[in-house]
Asks: 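Have a look at the structure that comes next, please.
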Amino acid sequence: MNTLPAADALVRRDLSRLWHPCTQMHDHRTVPMVPIARGEGAWLIGTDGRRYLDGISSWWTNLFGHANPRIAAALADQARTLEHVIFAGFTHEPAVALAEELVRVTPPGLERVFYADNGSAAIEVALKMSFHYWLNQGHGEKTRFIALTGSYHGETLGALSVSDVALYRKTYAPLLLTPILAPSPDAYEAEPGESAAAAAHRRLGELRTLLEQHAHEVCAVIVEPLVQCAGGMRMYHPDYLAGLRSLCDDFAVHFIADEIAVGFGRTGTLFACEQARITPDFMCLSKGLTGGFLPLSAVLTTTQVYEAFYAEYSAGKAFLHSHSYTGNPLACRVALETLAIFRDEPVLERNRELAAHLAHRLDALRDHPHVADVRQTGMIAAVELVADKRGRTPFPASDRRGLRVYLHGLTQGALLRPLGDVIYFMPPYVITTHEIDRLVDTAIEGIERAVTG
Ligand SMILES: *Cc1c(COP(=O)(O)O)cnc(C)c1O
């Protein structure tokens, strides 16, 4: 029972030919490669029959369960009808209907939809569109972006440029644009006794100072609303988003909301921006957009932005960014079905109950001598492991304590994939309270093992 999956033929073939993302392949001399045959609800089922509870929604993509029958049926139907068509000069029902639905469900004022095929590509689109908007307005001097410390917006060169997670960025820094970094409103970094709201307001003051110095050369401020996910599930107060909206207006810079991870109900509302009652100039969506079925992303923007590009061909103002699979009908149809589930089922209400259960179960860790913080925003919860609780001293990164929790999870049939020493829970919305109990029990055992020795 407490052993790791046996290397089977599939794993041997994989390791002799493939190169996996976010992986030092050498690790697989000791870390098992897990061969998966199929999925069902919140579970992944291995080729050897072992079952893994997917505590992280397979990299934050899955919402309504693996191989969800309703989404699978829509996909099969679309595959028999129209699999793909060039999206320049041609259009199709799934792309149009999805754009209409996205405009309907996102904050008021976002009225144009541009498709791409993954999260990083959506960020590239938003950065280029913001720059190009200002250029078309006669402000070609605006060429820079403001990003938050600890932010993550993807790993293509533009998206990585506005990211601040050293693990991904450091090596490639010589290739990147240099953003202006504003201090994150991260509540974990608040001063002793300072509330999350007070920390947000203090950070807004610092951002105002940066804008006073740099607004003339800045296209946009880009943020992950409410939760900086890849940066360690760091969370902040919605007041920061409201303050950012008015600063962007005051200083004539765009507000890019990267809701790629937090969109589609993760934070308790359909979109995180709703909690600050604001509309950004650009909203980037991906991951949950297709319920975890297919790669697709969308950038929503305002009529004002759209109109700055709309001119006679000879004016040379058109937005140029194209991917072969832009607006793929299969992906659009699957996204429409995902949004239909939100319409037909009380998803957000159910999530509130699941989130409350998760919070209740994680309370047990608050007094743990190696837990500095237990934080949660809706269906994202995180536990920060440290060497010393009072000084919040991290374990040496080389200890790889989080990896021990991951390995323990695998032996117990749970997929928990910590970010460094941050153990987090971001399950599919179809998880049950009983399954949450299982996940949390496994995490607690894993933490006990990881912090000793
Ligand atoms: C995952 C992620 C991205 C990048 O999306 P990919 O599809 O992995 O390229 C961008 N921003 C945020 C906030 C993300 O979590």
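All ligand and atom numbering here is 1-based and tracks the order in the structure. All values derive from a computational prediction rather than experimental measurement. Basis for what follows: all heavy atoms, side chains included, without hydrogens, waters or symmetry-related copies.
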Asks: Does NZ or CZ of Arg375 lie under 6.0 Å from the centre of the six-membered ring of Tyr188, at an angle within 45° of the ring axis?
Replies: yes

Asks: Enumerate the atoms of ligand 1 whose separation from the nearest heavy atom of His153 is less than 4.0 angstrom.
Replies: 10 (C), 11 (N)

Asks: Without hydrogens or angle criteria, can the side chains of Tyr236 and Gln228 be said to hold a donor-acceptor pair below 3.5 Å?
Replies: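 Absent: no donor and acceptor within the cut-off.
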
Asks: Please identify which atoms of ligand 1 are closer than 4.0 Å to at least one heavy atom of Ala261.
Replies: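 Taking each heavy atom of Ala261 in turn, ligand 1 has 15 (O) under 4.0 Å.
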
Asks: Measure up the Phe309 and Tyr133 rings against each other and bin them: parallel (under 30°), tilted (30 to 60°), perpendicular (over 60°).
Replies: tilted

Asks: Would you kindly specify which portion of Cys229 sits under 4.0 Å from ligand 1, judged on non-hydrogen atoms: side chain, backbone, both or neither?
Replies: neither

Asks: Heavy-atom contacts under 4.0 Å between Lys287 and ligand 1: side chain, backbone, both, or neither?
Replies: side chain

Asks: Check ligand 1 against Asp258 and write out every atom of the ligand that is under 4.0 Å from a heavy-atom position of the residue.
Replies: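 Every atom of ligand 1 under 4.0 Å from some heavy atom of Asp258: 10 (C), 11 (N), 12 (C), 13 (C).
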
Asks: Using heavy atoms and a 4.0 Å limit, tell me yes or no: is Gln228 in contact with ligand 1?
Replies: no

Asks: Determine, counting only non-hydrogen atoms of the protein, whether one lies under 4.0 angstrom from atom 15 (O) of ligand 1.
Replies: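 So far as the 4.0 Å threshold goes, atom 15 (O) of ligand 1 is in reach of a protein heavy atom.
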
Asks: Got the closest protein heavy atom to atom 7 (O) of ligand 1, with its distance?
Replies: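 Closest protein heavy atom to atom 7 (O) of ligand 1: Gly119 N, 2.8 Å.
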
Asks: Got a sec: does the CZ of Arg202 have more than 12 other heavy atoms crowding it under 6.0 Å?
Replies: yes

Asks: Indicate whether the side chain of Asn118 and that of His323 have a donor and an acceptor atom separated by less than 3.5 Å.
Replies: no

Asks: Among protein heavy atoms, which lies nearest atom 9 (O) of ligand 1, and at what distance?
Replies: Ser120 OG, 2.6 Å

Asks: Can you tell me if Trp60 has a non-hydrogen atom under 4.0 Å from ligand 1?
Replies: yes

Asks: Are Arg234 and Glu384 within salt-bridge range, i.e. N to O under 4.0 Å?
Replies: yes

Asks: Looking at Gly154, which atoms of ligand 1 are within less than 4.0 Å of one of its heavy atoms?
Replies: 4 (C), 10 (C)

Asks: With respect to Val253, which candidate in Val221, Leu244, Leu247 satisfies the side chain to side chain contact (heavy atoms under 4.5 Å, CB included) definition?
Replies: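 The single option meeting the side chain to side chain contact (heavy atoms under 4.5 Å, CB included) with Val253 is Val221.
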
Asks: Testing the 3.5 Å rule here: is there a donor-acceptor pair between the side chains of Asn62 and Ser58?
Replies: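 Looking only at side-chain atoms, Ser58 and Asn62 do not form any donor-acceptor pair under 3.5 Å.
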
